[in-house]
Amino acid sequence: MTIAANNGTYPNLEGVTITQGGKLVFETYLHGLRKGGLHDTRSALKSVTALLIGIAIDKGFIKNVHQKVYPFFPEYKPYGNWTSLKDSMTIEHLLEMKSGFDCEEWDGSKDCEDDMENTQDWIKFCLDLPLKNKPGTKWDYTSINAMLLGGILAHASHRSVSEFADQYLFKPLGITQYRWTKDPLGHETTAGSFYISPGDMNKIGQVVLNDGVYNGKRIVSGQWVKKMTESCIKIEDFSNVRFSRNKTAIPQPTYYGYAWYTEAIKTDQWKYTVVFASGNGGQYIMVIRDLDLVVTFTGNSYNSAKSKLPFDILVKYILPHFTKK
């Protein structure tokens, strides 16, 4: 795998870590990234945000995923583009990308994130957006949903997102080096542009692998991890393996849960389910329960189909190795 990455087959691959049973079995850093170096996780952060919401529910800061969104933000009244349909929007709708906002990043038809980043208050921008659909009815991928989850987390816990994450997730995992991106008012983005090392990304994957436990310490409930990673929403006409152009695996559909994806990796010889976080450019936290594996990738294939090449690497080099063992 390393030879292939160095000879130009995977020119934009920058980091790979593999742990089995919590023990590091392989790591490599390429094209300028060094061990411990921070890398933009892009939308893989959305999956971390879902973990934080689960922790907030466990701790009693949030009652459940059926709480309505807008009552968390009374200081922003009157909201722009108001419709009574906004009253029905829940935390679960945000987690499942079913908020109904008139935004869609998946096919690039209406990316609201760029406009958000040009404003002073990213929370206000999100709340004021018009709806296109009734909340809960249609899957439309947008970073707006994850940004509002961060706002809910901060309002419910009466502390900043970074303080909450540091106390309840990062410190228990021994993660000390990271960098948040904030709006001009200081709201941390919980949708992307969060910098962390590939090794620390792997620790987050281990929490998912072990049903909410890391090194014997309960981080989040196993019930939440199960619900968060359920493959409940089929993404129509999409397969990461197909876009990776791997010739061995038989493309299977991709599913979405609470900001975590699921896809079966299937060949004529074996089949494994991969639960994963995904970010633009090739940022992945992959969990393969059947092999007790967590695999992370970082890369710089931004806005390119090459961002799916880690699935080709997984099929060619990683899964066969552990299958044979």
Give every donor-acceptor pair under 3.5 Å between a side-chain atom in residues 205-215 and any protein atom, sequence neighbours left out.
unit_1 : atom_1 : unit_2 : atom_2 : d
Q206   : NE2    : N202   : OD1    : 2.9
N210   : ND2    : Q206   : O      : 3.1
D211   : OD1    : R289   : NH1    : 3.2

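- Among pairs with a residue in residues 251-319, none fulfils disulfide bond (SG atoms under 2.5 Å apart), at least two apart in sequence or across chains.
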Please report, to 0.1 Å, the donor-acceptor pairs under 3.5 Å made by any side chain of residues 78-85, with sequence neighbours excluded.
unit_1 : atom_1 : unit_2 : atom_2 : d
Y79    : OH     : Y70    : O      : 3.1
Y79    : OH     : F73    : O      : 2.9
N81    : ND2    : D128   : O      : 2.7
T83    : OG1    : L85    : N      : 3.3

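- Paired with E14 under the rule side-chain hydrogen bond (donor to acceptor under 3.5 Å, both in side chains), one option of H39, R34, Q283 passes, and it is H39.
- Formation of a donor-acceptor pair under 3.5 Å by the K308 side chain with backbone atoms of F243 is not found in this model.
- Remark: the backbone N or O of L185 is not paired with any side-chain donor or acceptor of Q120 at under 3.5 angstrom.
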Next item on the list: List the steps and the verdict of side chain to side chain donor-acceptor pair (under 3.5 Å) for T9 and N7.
Entry: CA-CA 6 Å; T9 305; N7 72 14; 2.8 Å; yes
Run the side-chain donor-acceptor check on residues 89-99: report pairs under 3.5 Å with partners two or more places apart or on a different chain.
unit_1 : atom_1 : unit_2 : atom_2 : d
T90    : OG1    : E92    : N      : 3.4
T90    : OG1    : H93    : N      : 3.2
T90    : OG1    : H93    : ND1    : 3.2
E92    : OE2    : Y258   : OH     : 2.4
H93    : ND1    : T90    : N      : 3.0
S99    : OG     : F101   : N      : 3.4
S99    : OG     : N145   : OD1    : 2.7

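- Residue pairs meeting the disulfide bond (SG atoms under 2.5 Å apart) criterion with at least one partner in residues 174-263, sequence neighbours excluded, are absent.
- Between F170 and F194, the ring centre distance stays below 6.0 Å.
- Between Y178 and W180, the angle of the ring planes goes over 60°, which puts this pair in the perpendicular group of the 30/60° scheme.
- Looking at D58, its side chain does come within 3.5 Å of a backbone N or O of S221 through a donor-acceptor pair.
- Looking only at distances, a side-chain donor or acceptor of E263 sits under 3.5 Å from a matching main-chain atom of N240.
- Summarising the geometry, atom CH2 belonging to W106 is positioned 4.5 Å from atom CZ belonging to F238; distances are rounded to the nearest 0.5 Å.
- In this structure, S43 contributes its side chain and K46 its backbone to no donor-acceptor pair below 3.5 Å.
- Shown here for S307 and S304, the closest heavy-atom pair between the two residues is OG-O, 2.8 Å.
- For residues 28-104, the pairs satisfying disulfide bond (SG atoms under 2.5 Å apart) are C103-C112, with sequence neighbours left out.
- Between F276 and F311, the gap from one ring centroid to the other is short of 6.0 Å.
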